[in-house]
Amino acid sequence: MVLKRSSLSLFLGFLLISLIAPRSIARFVVEKNSLRVTSPDKIKGTYDSAIGNFGIPQYGGSMAGAVVYPKDNKKGCKEFDGFGISFQSKPGALPTFVLVDRGDCFFALKVWNAQKAGASAVLVADDMEEPLITMDTPAEDVSSAQYIENITIPSALIEKSFSETLKKALSNGDMVNVNLDWREAVPHPDDRVEYELWTNSNDECGVKCDMLMEFVKDFRGAAQILEKGGYTQFTPHYITWYCPQAFTLSRQCKSQCINHGRYCAPDPEQDFSSGYDGKDVVLENLRQLCVFKVANETKKPWVWWDYVTDFQIRCPMKEKKYNKECADAVIKSLGLDGKKIDKCMGDPKANSDNPVLKEEQDAQVGKGTRGDVTILPTLVVNNRQYRGKLEKGAVLKALCSGFEETTEPAVCLSGDVETNECFDNNGGCWQDKIANITACRDTFRGRVCECPLVDGVQFKGDGYKNCEVSGSGRCKINNGGCWHESRDGHTFSACLDVDGGKCQCPPGFKGDGVKSCVDVDECKERKACQCPACSCKDTWGSYECSCSGDLLYIRDHDTCISKSGTEVKSAWTVVWVIFIGLAMAAGGGYLVYKHKLRSYMDSEIRAIMAQYMPLDSQAEVPNHVHEERA
């Protein structure tokens, strides 16, 4: 049965209502950037502006420009060429920020027309006093698809009252200069970025789905580099709706939902009578979530990018391959455990919650600074929703702006993502051109001047005017700024490698130790080799001294001695040493013998004498004779 248009619209309306049914008030957070007026003085200040959800915002950077309000085509709905208007900046002038009024056409068309006329950015003036909203791309408008994809300049919506202030200043002939600042648009607390992509496996939902599929394929490589390096933590998410209780048994809900109406997706072709159903999309979304969970358990979460990309290529709806059979083939080719994935998906016919999809519905509700997810696709970086074109370079800039300064990975400092400010006049930082050392350190948000650490040696200073070596190891870096020179394989240095050391010419040289050290001529200055038989020859950093005939030069004593005399003396010295050693040994032995002999004789004499008289060292011998009584 083919549904009437009114019935289809009514059902889709119920689905939209069901998105916000669990909450009393849906909370949509408008992502803002800072707009600062720098002139004229009377309107100087900082104002809010809402980042457009197309084009390329300069996340992590800022842009200065001069505001122009066109006399004709004020709403920008027509091409400015037809009015003879150009916003192309002259050489040396500030970029042009075009102010246009809201109304009569899509936001994106206004920005596109201004970009073609040479504008660098667009400010859209609201036509009513209301809280700022996010300017989004037109849904399902095929005619606008091409120009939306080609918009590269940033845009922002400003409040009506503020736009009137700008217009008044311009009408008075004032030059209005403003600065758009995206440096704080994304929080950057530490050295790891957490980001989420709210996506959809449906490849037949029009322009946005095509852009999403293209982005996933293009961004896969960069995403996997960041994830494998531990720089980022990525999580994919999928939006689902639930069917109102009154319609859970209807044919429409049964074809678009699983788990008895708890998790639904719109019909891909918006035709309930043919093609794929919404529940097919829900099942594939669930499968992709489980692919991520299983891959994450094996410490390889980046495999999700491979699966999603391969599934897009191998299993498109147009070729009638959007099914479990094709998905299982992709899973097998990537070496994933298909049984674990099936177990994770659970039973889609069960009249109970699916834990994985229930978690996704809960995650759609905004927390902290992040609003509810209502736009598909949505990128969230460090819990802040990204606004702008879903394109590799633009998204990479947003991710890189989420790193704490100086902790960005190398991919963030590549030429196609940011400009190295250290190339221009060394960023105004200290540098040692001779040693090729600089205090300028490039970061995603700009350069910082910090005294460097080179080869384990720390420099200290303000980083702008001076940096000096601190601690040991100073001689490793440009020889500590001291004199050094090499000749004929010999190298001399005036650097003393100690903390707080100074430059001092080494022995054999004289000078200041910094700019120069000159060889000392020891021969000419009669500082060495001065014995009568010595012949002196000066060398670089030292001297050579030789003796005539068979004499030998002794450097420590600065004298010459006979080589033969030395040999004889050496031989006699050995003989005398041996003789004296033997004599001392014999004398020692004699003394020991004499001492032992004398001790033995003394003990014998004392024993003999003790038999006849008591000695001082002996006790008196008792008398054993008893007298007889009378």
Side-chain angles (χ1 to χ4, degrees), residues 1-3 7-22 198-206 208-209 212-213 236-293 307-308 311-312 314-331 338 341-364 373 376-377:
M1 180 182 71
V2 180
L3 289 175
S7 299
L8 177 60
S9 300
L10 178 62
F11 178 69
L12 292 178
F14 275 125
L15 284 180
L16 181 59
I17 292 171
S18 68
L19 172 62
I20 61 174
W198 288 84
T199 180
N200 190 4
S201 64
N202 180 5
D203 60 7
E204 286 294 311
C205 62
K208 282 197 173 183
C209 282
L212 174 60
M213 300 297 110
H237 288 291
Y238 294 81
I239 292 179
T240 60
W241 293 266
Y242 71 83
C243 188
Q245 185 67 33
F247 294 87
T248 54
L249 299 178
S250 67
R251 180 174 177 271
Q252 294 92 333
C253 271
K254 288 183 178 180
S255 64
Q256 311 309 312
C257 311
I258 64 173
N259 293 87
H260 287 249
R262 287 177 173 82
Y263 313 104
C264 313
D267 188 282
E269 298 92 358
Q270 297 186 9
D271 183 355
F272 297 139
S273 62
S274 64
Y276 290 99
D277 294 325
K279 67 179 180 182
D280 297 318
V281 176
V282 178
L283 284 171
E284 180 54 34
N285 288 349
L286 177 57
R287 183 177 290 108
Q288 294 186 6
L289 284 168
C290 288
V291 164
F292 176 76
K293 288 182 177 296
Y307 173 81
V308 173
F311 184 82
Q312 291 174 15
R314 297 171 60 179
C315 312
M317 287 185 175
K318 290 180 180 179
E319 298 180 13
K320 307 301 179 184
K321 295 180 180 179
Y322 187 92
N323 51 46
K324 185 180 187 306
E325 183 181 358
C326 186
D328 287 344
V330 176
I331 289 170
I341 294 172
D342 289 341
K343 183 178 179 180
C344 169
M345 293 179 65
D347 182 7
K349 297 180 180 180
N351 187 11
S352 60
D353 286 334
N354 180 291
V356 177
L357 293 177
K358 181 66 169 62
E359 185 179 341
E360 292 298 293
Q361 285 187 342
D362 292 341
Q364 287 175 225
V373 177
L376 192 67

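Counted by atom type alone, Q288 and Y238 present one or more donor-acceptor pairs between their side chains at under 3.5 Å.
Closest approach of Q256 to G278, counting heavy atoms only: OE1-N, 2.8 Å. Nearest heavy-atom pair, A363 versus H237, reported as atom, atom and distance to 0.1 Å: CB-CE1, 4.3 Å. Residues A265 and W241 come closest through the heavy atom pair CA-CE3, 4.2 Å.
The line from NZ of K293 to CE of M345 is 13.5 Å long, rounded to the nearest 0.5 Å. Distance check, rounded to the nearest 0.5 Å: OH of Y307 to CD of Q312 gives 10.5 Å. To the nearest 0.5 Å, the span separating CZ on R314 from CD on E319 amounts to 12.0 Å. Taken from CD in E325 to CG in D328, the straight-line distance is 8.0 Å, to the nearest 0.5 Å. Rounding to the nearest 0.5 angstrom, the gap separating the CH2 atom in W198 from the CD atom in Q364 is 5.0 Å. Annotation: the span from S201 atom OG to M317 atom CE amounts to 6.0 Å, rounded to 0.5 Å.
Under a 3.5 Å cut-off, the side chain of Y276 and the backbone N or O of P268 do not form any donor-acceptor pair. Looking at N354, its side chain does come within 3.5 Å of a backbone N or O of V356 through a donor-acceptor pair. At distances below 3.5 Å, not a single donor-acceptor pair connects side-chain atoms of N285 with backbone N or O atoms of N200. With Q245 contributing its side chain and G261 its backbone, the two residues share no donor-acceptor pair below 3.5 Å.
Between R287 and F311, the closest side-chain pair of non-hydrogen atoms is not below 4.5 Å. Put simply, the side chain of N351 reaches to within 4.5 Å of the side chain of R262, judged on heavy atoms. Under the 4.5 Å side-chain criterion, counting only non-hydrogen atoms from C-beta, D353 is in contact with Y263. The shortest side-chain heavy-atom distance between L357 and L289 falls under the 4.5 Å cut-off. The shortest side-chain heavy-atom distance between D277 and D267 falls under the 4.5 Å cut-off. Inter-residue side-chain proximity for Y242 and T248 is flagged as unmet; no heavy-atom pair is nearer than 4.5 Å. Side-chain atoms of N202 and E284, non-hydrogen and from C-beta on, never get closer than 4.5 Å to each other. For the pair K324 and D342, the minimum side-chain heavy-atom distance is below 4.5 Å.
SG atoms of C290 and C344 are separated by less than 2.5 angstrom, consistent with a disulfide link. Less than 2.5 Å separates the SG atom of C326 from that of C315. Disulfide check for C264/C253 fails, with the SG atoms at least 2.5 Å apart.
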